[in-house]
Structure formats: structure tokens, C-alpha cells
Amino acid sequence: MSSPVRATVVQASSIFFDTPATLDKAEKLLKEAAALGSQLVVFPEAFIGGYPRGHNFADQSPRGKESFRKYHASAINVPGPEVDRLASMARKYKVYIVTGVIERDGYTLYCTVLFFDPEGNYLGKHRKLMPTYRERLVWGFGDCSTTPVYDTPYGKLGSVICWENRMPLLRTAMYGKGIEIYCAPTADSGDTWVATMRHVAMEGGCYVLSPIQFCRRKDYPPPPEYLYSPTEEDVTPDSIVWAGGSVIISPTGEVLAGPNYEGEGLFTADLDVRGEIPKAKFMFDVVGHYSRPDVLSLTVNNRPLLPVTFTSSPSKIKDDEMDECKDV
């Protein structure tokens, strides 16, 4: 039986090209959220590593290649020292952390969400299945081997990133895993996003937490280091380039916190999974009594999709190589 949980969504900007400073900012925000009594804190999409808003990654000039080098350097390895630091923050403030990061795997970057528990354990990750539009120029594609839903004392916790939330089959897969606290970090601060989140909450009969960054042009490096497209002349240092709109939604579609479009902030609500979700599921359980598996069903391939697979184990390969050396 789960107990109520106080949850906070963070609306704040990354410090672009400066991951250590962004981690410092994350700790400051965690401390503030913990002071509010929060037990679950959710950060925006790409918070650690940065979202390259306004940047032209189609630029194949030396300047464009140098920009990618800096972005690659700002990403984090999973696992790695930045993951260890986030885990220590979770332990220090005794909170669950769900945060967007840019994950570096070799020379490919992924838009990823990481999960941590209050004991300081790194639980796992979700890689964004489908980068949106220009994101495909810079981010790799995830697969369904990283679509976890975790049992917690407060309910089943998982995440779907940004416009993945428009993919009905992915949502259905998450509902099939029993998700109850549905984290939806996003880069979409448009007028229709809150409606999308309310729909997801009612469709899934779950709480939805959607943090969004709030950024001004000055939160990104100045030109010429970072050229904001379409042209720098369109913006001033104080221009809002990412308007926020973070929200928390109940299983019946009620807005519990937010949306806010005025600046950075923490938005908090108390979630009662056992008290409220059964009421929502009474009328509509999308993968339960309101499903029709005799006519509509979904099969999910949750195996890792790897470009290269070796049939021998690494130790066997090493032994074979040593044997070849002995024969020379």
C-alpha cells in the first residue's frame, strides 16, 4: 500500500556548456525542494548537459563542428562521476530524483532521463525513443529496453520524454507496466502542452508531472560562441526563448500546480496514488476493464537494439587473441 508523496517539478534553465555549474544549481534547487517537504523532485528534459535550443546543428562548417565538440564534452557518461554526484544528492536530501540529462555513449548523444532513490542508488534510465525534428541531427534513438517503471513506496514511477507523449503506443506500453506517477519532462512550452498532459493523466488514470525549462537568451553563451538561430538580431539578452509552463496533473485531469510562464520556480503538489487513482480507474482503465484485447492489442520489443553483436563472450575473444599471439 503506497503512501502520499509531496512532489516538486523544477522550472529552471541549465547553464549551457557548463555541466559542473549546472550540477551545483541542481543541488541548490534540491535543497529548496527538500525544505518544502518534497520527497520526489523532477527536473526538465536535458537539464544536465543542456537543450540546444536555437542552435543550428546542420552547420557543417568548422564552427559548427566545434559547437558539437563542446556539446559532446558537456554530456555525461552513464554511469560516471556526474551520476555519482546526483546519487549523493538524492541521499543527502532523502528524495527520489528524476532528471533529464544528455547522455554520452561513445560519440553518440542521447536525450535520457535518470532515476535515483532516497538511499542514493542510481536505479536506471530511459532513453528518448524518437528525437523530434532537428533533435535528430544531434541525438541518437533509444529503444524499449530502457522504458522502466519502478516500484516505490509512493507508487509506480516512470518517465516519457517530450513528444514521445504524443506516441499512443508508447503511452499504452507504459500503462501496461502499471505506471502511476508519470514524469513527462519536455521542451514544449506551447499553448497545447497542458492539454496534452491533462489528456495523458485522464487516459492513463495516473498523476502526470511535467517540468519545463525557463530560459532567457542570456542563459546561453553569447555570440559568437553560441549563435541563436534564425538570427541573433531577433533576440536580446533578456528575451524569453523558453517560456516554461511546468505542471502537475491529477488522475482526473485537474491541474494541481502550474502552469507558470513568468520565470524559474518550484511547483509542488501532494500526490495520493491509493486515494485518487482507484477513483479515476473506476470509470476508465485503459489496459484493464476498458480494453479489448480480442480486437486491439500491443506487442512491445523490449530487447536492446544493438548495431553490433558478438557471438563470443569478451573473455573468449581475449583468450582466442592470446592463442593467436602464441602461434606467431
Side-chain angles (χ1 to χ4, degrees), residues 2-12 33 36-45 47 96-100 113 115 126 149-150 152 154-168 170-214 242-262 265-288 290:
S2 63
S3 55
V5 57
R6 178 158 292 181
T8 291
V9 293
V10 174
Q11 180 164 295
L36 298 172
S38 297
Q39 298 143 301
L40 166 64
V41 182
V42 188
F43 286 88
E45 179 181 10
F47 186 73
Y96 281 90
I97 296 175
V98 179
T99 184
V113 164
F115 300 84
H126 164 55
V149 171
Y150 298 102
T152 79
Y154 311 119
K156 294 183 177 181
L157 175 69
S159 182
V160 179
I161 305 169
C162 202
W163 278 17
E164 287 186 319
N165 289 282
R166 294 185 172 191
M167 299 172 72
L170 178 57
R171 296 199 310 267
T172 302
M174 299 301 281
Y175 303 149
K177 291 188 172 191
I179 192 168
E180 295 167 322
I181 303 175
Y182 183 116
C183 301
T186 185
D188 188 344
S189 56
D191 295 340
T192 60
W193 186 252
V194 174
T196 298
M197 295 294 93
R198 295 184 71 184
H199 170 80
V200 171
M202 290 186 290
E203 179 182 67
C206 52
Y207 285 97
V208 173
L209 291 73
S210 184
I212 310 172
Q213 293 199 37
F214 180 93
W242 207 343
S246 303
V247 291
I248 299 176
I249 311 291
S250 81
T252 56
E254 178 186 358
V255 177
L256 302 177
N260 179 286
Y261 301 98
E262 297 177 1
L266 304 177
F267 305 99
T268 298
D270 293 327
L271 318 183
D272 184 0
V273 165
R274 288 295 163 258
E276 296 302 321
I277 287 183
K279 299 175 187 176
K281 298 281 194 180
F282 168 60
M283 293 290 288
F284 185 84
D285 185 355
V286 67
V287 291
Y290 214 92

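These numbers come from the heavy atoms of this one structure, side chains and all, not from hydrogens, waters or symmetry mates.
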Item to check | Chi angles and distances behind the side chain to side chain contact (heavy atoms under 4.5 Å, CB included) call for Val247, Phe267 | outcome: CA-CA 7 Å; Val247 291; Phe267 305 99; over 6 Å; no
Checklist entry - Heavy-atom distance under 4.5 Å between the side chains of Glu164 and Met174, does that happen here? => result no
Item to check | For Tyr96, side chain to side chain donor-acceptor pair (under 3.5 Å) partners two or more places apart | outcome: none
Item to check | Nearest heavy-atom neighbours spanning Leu36 and Arg6 | outcome: O-NH1, 3.0 Å
Checklist entry - Less than 4.5 Å apart, any side-chain heavy atom of Thr252 and any of Lys279? => result no
Item to check | Chi angles and distances behind the side chain to side chain contact (heavy atoms under 4.5 Å, CB included) call for Arg166, Asp188 | outcome: CA-CA 12 Å; Arg166 294 185 172 191; Asp188 188 344; 4.2 Å; yes
Checklist entry - Cut-off 3.5 Å, side chains only: do Ser210 and Trp193 have a donor facing an acceptor? => result yes
Item to check | Expected output: side-chain Glu180 to main-chain Lys156 donor-acceptor under 3.5 Å | outcome: yes
Checklist entry - Do you see a donor-acceptor pair shorter than 3.5 Å between the side chains of Tyr207 and Glu276? => result no
Checklist entry - In this structure, are over 12 heavy atoms from other groups packed under 6.0 Å from Tyr261 atom OH? => result yes
Item to check | Heavy-atom side-chain proximity of Tyr154 to Ser3 below 4.5 angstrom | outcome: yes
Next on the checklist: Nearest 0.5 angstrom please: Ser159 OG to Leu209 CG, how far?
Outcome noted: 10.0 Å
Checklist outcome for this item: Taking every heavy atom of Gly205 against every heavy atom of Pro251, the minimum-distance pair comes out as C-CB, 3.8 Å
Checklist entry - Do Val10 and Leu266 have side-chain heavy atoms sitting under 4.5 Å apart? => result yes
Checklist outcome for this item: Nearest heavy-atom approach of Val194 to Gly245 is CG2-O, 4.5 Å
Checklist entry - Are the side chain of Asn165 and the backbone N or O of Val160 linked by a donor-acceptor pair below 3.5 Å? => result yes
Checklist entry - Between Arg171 (side chain) and Val200 (backbone), is there a donor-acceptor pair under 3.5 Å? => result no
Next on the checklist: Quick one: does any side-chain atom of Gln11 pair with a main-chain N or O of Phe214 as donor and acceptor, under 3.5 Å?
Outcome noted: no
Checklist entry - When you look at CE of Met283, are more than 12 heavy atoms from neighbouring residues, nucleotides or ligands closer to it than 6.0 Å? => result no
Next on the checklist: Quick one, Val113 and Cys183 - any side-chain contact, counting heavy atoms below 4.5 Å?
Outcome noted: no
Checklist entry - With no hydrogens and no angle check, is any side-chain donor or acceptor of Trp242 less than 3.5 Å from a backbone partner on Ala187? => result yes
Item to check | Ile212 side, atom CD1; Met197 side, atom CE - distance, nearest 0.5 Å | outcome: 8.5 Å
Next on the checklist: Does Thr99 form a side chain to side chain contact (heavy atoms under 4.5 Å, CB included) with Val42? I'd like the steps, not just the answer.
Outcome noted: CA-CA 6 Å; Thr99 184; Val42 188; over 6 Å; no
Next on the checklist: Minimum heavy-atom separation for Phe284 and Met202, please, with both atom names.
Outcome noted: CD2-O, 4.1 Å
Next on the checklist: Is the shortest side-chain heavy-atom distance between Val287 and Asp285 below 4.5 Å?
Outcome noted: yes
Checklist entry - With Thr268, which residues qualify under side chain to side chain donor-acceptor pair (under 3.5 Å), at least two apart? => result Thr8
Next on the checklist: A side-chain contact here means heavy atoms from C-beta on lying under 4.5 Å apart; do Ile249 and Val255 qualify?
Outcome noted: yes
Checklist entry - Nearest 0.5 Å, what's the NZ-SG distance between Lys281 and Cys206? => result 6.5 Å
Item to check | Heavy-atom closest contact (Glu45 atom, Pro185 atom, distance) | outcome: N-CB, 3.3 Å
Checklist entry - About how many Å separate CD of Glu254 and CD1 of Ile248, when rounded to the nearest 0.5 Å? => result 12.0 Å
Next on the checklist: side chain to side chain contact (heavy atoms under 4.5 Å, CB included), that's the test. Do Val286 and Thr172 meet it? Break it down for me.
Outcome noted: CA-CA 8 Å; Val286 67; Thr172 302; 5.6 Å; no
Item to check | Residue list, side chain to side chain donor-acceptor pair (under 3.5 Å) with Tyr150, at least two apart or on another chain | outcome: none
